[in-house]
Chemist: 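Sending over a structure as structure tokens; questions will come in a sec.
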Amino acid sequence: MEIPQIDYSTFQSRLEDGLRKAWQEVRASRPDEHFYLYGIETDSDAVVLTPFCNTIEQVARECEDDDLDAESEFDKWIVDQESVLYGAGAEHTNELQDEVNQFVFLEEPEPEGAADERRDQLMLVFERALIALDREGFFGSGEDRDIVVLKLEIVDADEDEWDFMVASMKRMNPPKSLERFLALLEELDD
């Protein structure tokens with residue numbers, strides 16, 4: 001049995017197109033909400049690819065519904081089940097999800113290091129796709145862009161993966177959009 005391959009020459013453009021369509025659909029379905037968090041949820045092996053987004057109103061509802069501390073600013077950056085696009089918009093990235101997920105079901109072992117190489121390549125592609133959408137103005141410009149945060153979310157991240165996520169956020173976002181998030185991280189570390 002031949003080990004499947006990802007066509008990286010087209011993967012990023014297909015991902016950009018799928019993310020753009022997914023988020024346009026979600027925005028259209030919630031015209032009165034204020035979106036501020038966009039990203040891709042994955043796992044330690046990058047065999048998951050699910051777009052997500054949060055709105056100010058969504059977080060307010062969740063804080064009210066779950067009786068969370070509404071003052072807990074860090075809740076704003078949590079990616080939860082309400083954030084992840086399983087329904088509306090998800091069909092635009094489902095084929096890509098299947099493409100990265102196919103490696104879970106391999107019957108024969110891959111060559112040593114292949115999974116790590118693929119994970120590293122996919123994480124880079126995920127980040128580049130978000131940056132490309134940002135460059136085309138998809139997330140706004142000027143002050144509007146400064147309220148948006150782009151993020152790669154690794155489910156159940158260990159310390160190294162958490163450090164990668166924060167570094168990635170710094171690469172993808174203007175400093176102004178991350179000011180409060182980074183300040184909260186410092187407070188939590190103290």
Chemist: Between Ser44 and Glu161, is any side-chain donor less than 3.5 angstrom from a side-chain acceptor?
Modeler: yes

Chemist: List the residues meeting side-chain hydrogen bond (donor to acceptor under 3.5 Å, both in side chains) with Ser141, not counting sequence neighbours, and say none if there are none.
Modeler: none

Chemist: Has Arg27 got its NZ or CZ under 6.0 Å from the middle of the six-membered ring of Phe138, at an angle within 45 degrees of the ring axis?
Modeler: yes

Chemist: For residues 147-167, which residue pairs qualify under ring-ring contact (aromatic ring centres under 6.0 Å, His included), counting only residues two or more places apart or in two chains?
Modeler: none

Chemist: Between Met172 and Ser168, is any pair of side-chain heavy atoms under 4.5 Å apart?
Modeler: yes

Chemist: Should Cys53 and Val26 count as side-chain neighbours, where that means a heavy-atom distance under 4.5 Å?
Modeler: yes

Chemist: Tell me the salt bridge (Lys or Arg N to Asp or Glu O under 4.0 Å) pairs involving residues 32-51, sequence neighbours left out?
Modeler: Arg30-Glu33, Glu33-Arg61

Chemist: Backbone N or O of Val48 within a donor-acceptor pair of the Thr42 side chain at under 3.5 Å?
Modeler: yes

Chemist: With sequence neighbours excluded, tell me which residues meet side-chain hydrogen bond (donor to acceptor under 3.5 Å, both in side chains) with Gln24.
Modeler: none

Chemist: Gln12 and Glu16: side-chain donor and acceptor closer than 3.5 Å?
Modeler: yes

Chemist: Could you tell me which residues satisfy ring-ring contact (aromatic ring centres under 6.0 Å, His included) with Phe11, sequence neighbours excluded, listed by chain and number?
Modeler: none

Chemist: Evaluate the criterion salt bridge (Lys or Arg N to Asp or Glu O under 4.0 Å) for residue pair Asp116 and Arg119; output intermediate values, then yes/no.
Modeler: CA-CA 5 Å; Asp116 291 340; Arg119 177 204 60 225; 3.2 Å; yes

Chemist: Please name all residues satisfying side-chain contact (heavy atoms from CB on, under 4.5 Å) with Arg145, sequence neighbours left out, ordered by chain then number.
Modeler: Asp134, Phe139, Val148, Leu150, Asn173, Pro174, Ser177

